[in-house]
Amino acid sequence: KGAKKMKKIISITLVVIVILFCAIPTSALAANNTENDVYFTQEEFELLNPIHAEYKGNANTRATGFITDYDLAIAKSGTKLVISGYTYGSSDVVKCGFKEIVIQRRTNSSSSWSNYTTYEDLYSESTRYTLKKSLTVATGYQYRVTAIHYAKKSLFSTQKIEVSTGYLTF
């Protein structure tokens, strides 16, 4: 009888542990990816003559007004691609940032882009998120960044704005 009771306790404990691990959102792990995060002021970034993305409206979104201001730009510093951007949300936004950042590259003679590095779910659980990343890239390529700005008010109320920068040659 004692062995049966012990097996039941162990089974219940294992089930609780599995449930807890399944409840941890995987995006939270990606949101804390600070591997290529760097610190620089906006003034320092502007000295690198950045290329700012051009925004052509919010055609890919159902909701509007959650994202109040946004920017994405790239710059070259030696062999480093420097990325700077931000997403600002209205006061009722609970999550703000970038759904996805994709660094793409192509050879100087190619017309098609291939994905080089991707960052997903870079956000803060507030009304503002600032992105500052830098990574060393290979020479002989052109690089650009595509991104999706993201703001969430509730489970069914989100806004996304897709964007692409121009390219830099390394």
Side-chain angles (χ1 to χ4, degrees), residues 25-90 93-153 158-170:
T26 56
S27 63
L29 298 175
N32 294 323
N33 179 354
T34 58
E35 178 181 324
N36 295 313
D37 288 356
V38 292
Y39 175 78
F40 49 86
T41 65
Q42 192 59 34
E43 292 79 20
E44 290 170 330
F45 183 71
E46 291 298 327
L47 290 174
L48 298 174
N49 298 316
I51 297 174
H52 290 267
E54 291 185 28
Y55 292 87
K56 298 182 170 124
N58 302 340
N60 298 327
T61 185
R62 293 182 195 167
T64 59
F66 300 154
I67 298 174
T68 58
D69 198 10
Y70 45 88
D71 188 36
L72 181 67
I74 58 173
K76 183 177 178 178
S77 178
T79 59
K80 290 187 180 291
L81 177 66
V82 183
I83 306 165
S84 176
Y86 60 85
T87 307
Y88 296 164
S90 60
V93 164
V94 297
K95 188 177 186 181
C96 193
F98 292 88
K99 191 73 176 157
E100 182 178 74
I101 303 270
V102 180
I103 299 163
Q104 297 179 320
R105 76 177 184 181
R106 68 180 180 191
T107 59
N108 294 338
S109 60
S110 175
S111 62
S112 61
W113 294 94
S114 60
N115 292 353
Y116 179 68
T117 301
T118 300
Y119 302 100
E120 294 180 331
D121 296 326
L122 300 173
Y123 62 84
S124 67
E125 293 184 4
S126 71
T127 60
R128 292 177 168 245
Y129 179 81
T130 301
L131 170 77
K132 294 180 185 285
K133 290 203 174 288
S134 173
L135 71 150
T136 303
V137 295
T139 57
Y141 292 92
Q142 295 173 336
Y143 292 87
R144 74 175 183 181
V145 175
T146 64
I148 301 171
H149 291 277
Y150 176 81
K152 175 181 171 182
K153 181 178 173 182
T158 62
Q159 181 181 7
K160 297 177 185 176
I161 299 175
E162 294 183 30
V163 67
S164 227
T165 66
Y167 65 86
L168 293 169
T169 302
F170 283 81

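The basis for the numbers below is simple: all heavy atoms, side chains too, and nothing from hydrogens, waters or symmetry mates. Throughout, numbering of the chain's residues begins at 1 and tracks the sequence.
- Between Lys133 and Ile103 there is no side-chain heavy-atom pair separated by less than 4.5 Å.
- Residues meeting the side-chain hydrogen bond (donor to acceptor under 3.5 Å, both in side chains) test with Lys76, sequence neighbours left out: none.
- Under the side-chain hydrogen bond (donor to acceptor under 3.5 Å, both in side chains) criterion, Ser124 pairs with Ser126, sequence neighbours left out.
- Between Thr87 and Ile161, the closest side-chain pair of non-hydrogen atoms is not below 4.5 Å.
- Figure legend: cation-pi geometry between Lys153 and Phe66 absent, as NZ or CZ is not positioned both under 6.0 Å from the six-membered ring centre and within 45° of its axis.
- The two residues Ala73 and His52 come nearest to each other via the heavy atoms CB-ND1, 3.5 Å.
- Taking Thr130 as the reference, nothing meets the side-chain hydrogen bond (donor to acceptor under 3.5 Å, both in side chains) condition, with sequence neighbours excluded.
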Working note: Phe98 + Leu131, criterion side chain to side chain contact (heavy atoms under 4.5 Å, CB included); need CA distance, chi angles, decisive distance, verdict. CA-CA 9 Å; Phe98 292 88; Leu131 170 77; 3.8 Å; yes
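- The six-membered or imidazole ring of Tyr123 lies away from that of Tyr150, with a centre-to-centre distance of 6.0 Å or more.
- Thr146 OG1 to Asn115 CG: the interatomic distance, rounded to the nearest 0.5 Å, is 7.0 Å.
- Here the straight-line distance linking atom CD of Glu162 with atom NE2 of His149 works out to 10.5 Å at 0.5 Å rounding.
- Remark: Arg105 qualifies as a cation-pi partner of Tyr141 under the 6.0 Å distance and 45° angle criteria applied to the six-membered ring.
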Please test Trp113 against Gln142 for side chain to side chain contact (heavy atoms under 4.5 Å, CB included), starting from the C-alpha separation and ending with a verdict. CA-CA 9 Å; Trp113 294 94; Gln142 295 173 336; 4.0 Å; yes
Please report, to 0.1 Å, the donor-acceptor pairs under 3.5 Å made by any side chain of residues 163-170, with sequence neighbours excluded.
from	atom 1	to	atom 2	distance (Å)
Thr165	OG1	Val145	N	3.0
Thr165	OG1	Val145	O	3.4

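- The shortest non-hydrogen separation linking Arg106 to Ser112 is CB-O, 3.3 Å.
- For the salt bridge (charged side-chain N to carboxylate O under 4.0 Å, His left out) test, residues two or more places apart in sequence or in another chain that qualify with Lys99 are Asp121.
- At least one side-chain heavy atom of Leu72 sits less than 4.5 Å from a side-chain heavy atom of Ile83.
- Here the closest non-hydrogen pair linking Ile74 and Tyr143 is CD1-O, 3.8 Å.
- Taking Tyr88 as the reference, Tyr86 meet the ring-ring contact (aromatic ring centres under 6.0 Å, His included) condition, with sequence neighbours excluded.
- Proximity of Ser90 to Thr68: side-chain heavy atoms (C-beta onward) are separated by under 4.5 Å at one or more points.
- For the pair Leu135 and Tyr116, the minimum side-chain heavy-atom distance is below 4.5 Å.
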